[in-house]
There are 2 protein chains.
Amino acid sequence: MDTRERLIASTRELLWERGYVGTSPKAIQERSGAGQGSMYHHFRGKPDLALAAISRSAEELRGRAEAEFSGPGTTVERISAYLRRERDALKGCPVGRLTQDPDVMADPDLRRPIEETFAWLTDRLAGLLAEGRANGELDTGLNPASTATALVAVLQGGYVLARAADSVDVYALAMDGALGLLTAHVR
Amino acid sequence: MDTRERLIASTRELLWERGYVGTSPKAIQERSGAGQGSMYHHFRGKPDLALAAISRSAEELRGRAEAEFSGPGTTVERISAYLRRERDALKGCPVGRLTQDPDVMADPDLRRPIEETFAWLTDRLAGLLAEGRANGELDTGLNPASTATALVAVLQGGYVLARAADSVDVYALAMDGALGLLTAHVR
DNA sequence: GTCTATACACCGATAGAC
DNA sequence: GTCTATCGGTGTATAGAC
């Protein structure tokens, strides 16, 4: 990995662990092994580097989700696989955690990848639910848009509860609850 | 409000808006109108003040939730009232947002009120669901513990999605989805 | 109780040598 | 491309006068 990539990788880790305000150029330099001058040669400053890091994380998240969504099985099985996928629940969501960072949300450039990721995710899930409803797998009474939003929310909230309880089991419990509720709509 | 209370109130606001790392003693002093010496007279330092602020916020959250839980109506109506209560969804949860703060979670004293609040909340909701199941209001197949966890998660995640989309409507949509799923279990 | 002065490390960046 | 030097501002206090 070249210096530029190491800088991005280290920034992604630090943003995940400590958020934007909690991440200093100095910490990024130390973790990446790059010097001061090196960092400012490759990036114009902290926001520029953060943009590269956030975009990369958002891209990766979508890629992994898409793999699950377009995998084998019924729509409910694919949604279940996505929700139950092994996650580092105590670390939280590398994209979702940034919504709590006022300096990120105040910068349209930094905000965009986050907004787009959740819009895409909710939309993709709504599509799967609509597909399941259309092919008779799911109840006709189920609303794809609101249900999809609730499912993404339960995922993000599961991270919050797991961190609060310091237990990955709480994340799994939240997914059990959500899927238990959804299953009642399976014909 | 005396100086001590103003310091706590300002710290609560700042922790809500900017988190622990994003909140400086200087900012607290400016917002509260208290001077440097005044702040360090009433509190030993930032962690001490944060503990007072977090405890207060946690207490208030429980009080408001309990008002909804012990209010009128069926168990599902009370849960619905709680989830749909008017909230400043774009500001996020004053307690839940702190789970993203590594310095808060690393300090057992600061962490405790957060952990306790979510444990209480989930437990209280599970009790309501169990009650609804026992009195025939809800499906016997519904698992109170996992469902309660999912409901608290959807609430916390609703805040995340609302901030990501910069829209309170997304929060409401998540609640619609969750209640839509729950309603299928109402006999 | 509140004020001002002081301290020292870190933040985020720029300049210029190599 | 990377290094070191330097910069003004902030973070988080402590000390001591009033």
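Remember, predicted model here, so these are calculated numbers, not experimental data. Computation of the quantities below employed the complete heavy-atom set of this structure, encompassing side-chain atoms and omitting hydrogens, waters and symmetry-equivalent molecules. Below, read A as the first sequence line, B as the second, and so on, with proteins coming before strands; counting in each chain starts at 1.
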Please give, in whole Å, the distance from C:dC10 C1' to A:Glu30 CD? 11 Å
Taking CZ from A:Arg44 and P from C:dT14, how many angstroms apart are they, rounded to a whole number? 10 Å
Within the 4.5 Å heavy-atom criterion, are B:Asn143 and A:Asp176 side-chain neighbours or not? no
Which of these nucleotides, C:dA5, D:dC3, C:dA13, is closest to any side-chain atom of A:Ser38? D:dC3
Can you tell me how far P of C:dA13 sits from CD1 of A:Ile28, to the nearest Å? 10 Å
Among C:dA13, C:dC11, C:dT2, which nucleotide has an atom closest to any side-chain atom of A:Lys46? C:dA13
Please work out if A:Gly35 contacts a base, only the sugar-phosphate, or nothing of the nucleic acid, heavy-atom cut-off 4.0 Å. sugar-phosphate
Under 3.5 Å side-chain donor-acceptor pair for B:Thr23 and B:Arg18: no
Just checking, any donor-acceptor pair under 3.5 angstrom between side chains of A:Arg87 and A:Tyr159? yes
Measure the distance from CZ on B:Phe43 to C1' on D:dA13 and round it to the nearest whole Å. 16 Å
Rounded to whole angstrom units, what separation is found between the CE atom of A:Met39 and the P atom of D:dC3? 13 Å
When rounded to whole Å, the CD to C1' distance for the pair B:Gln29 and C:dC3 reads 12 Å
Starting from P on C:dG12, measure out to NE2 on A:His41 and report it in whole angstrom. 21 Å
Checking salt bridge (Lys or Arg N to Asp or Glu O under 4.0 Å) between B:Glu17 and each of B:Arg31, B:Arg97, B:Arg163, which is the one that passes? B:Arg31
Shortest side-chain distance from A:Gln36, nucleotide among C:dG1, C:dT14, D:dT10: C:dT14
For B:Lys26 and D:dG9, give me the distance from atom NZ to atom C1', rounded to whole Å. 8 Å
Nearest-nucleotide pick for A:Tyr40, side chain only, options being C:dT14, D:dA13, D:dT2: C:dT14
Beyond-backbone contact of A:Phe43 with A:Ile8, side-chain heavy atoms, under 4.5 angstrom: yes
Under 4.0 Å from OP1 or OP2 of C:dG1: is there any side-chain N or O of B:Thr3 that close? no
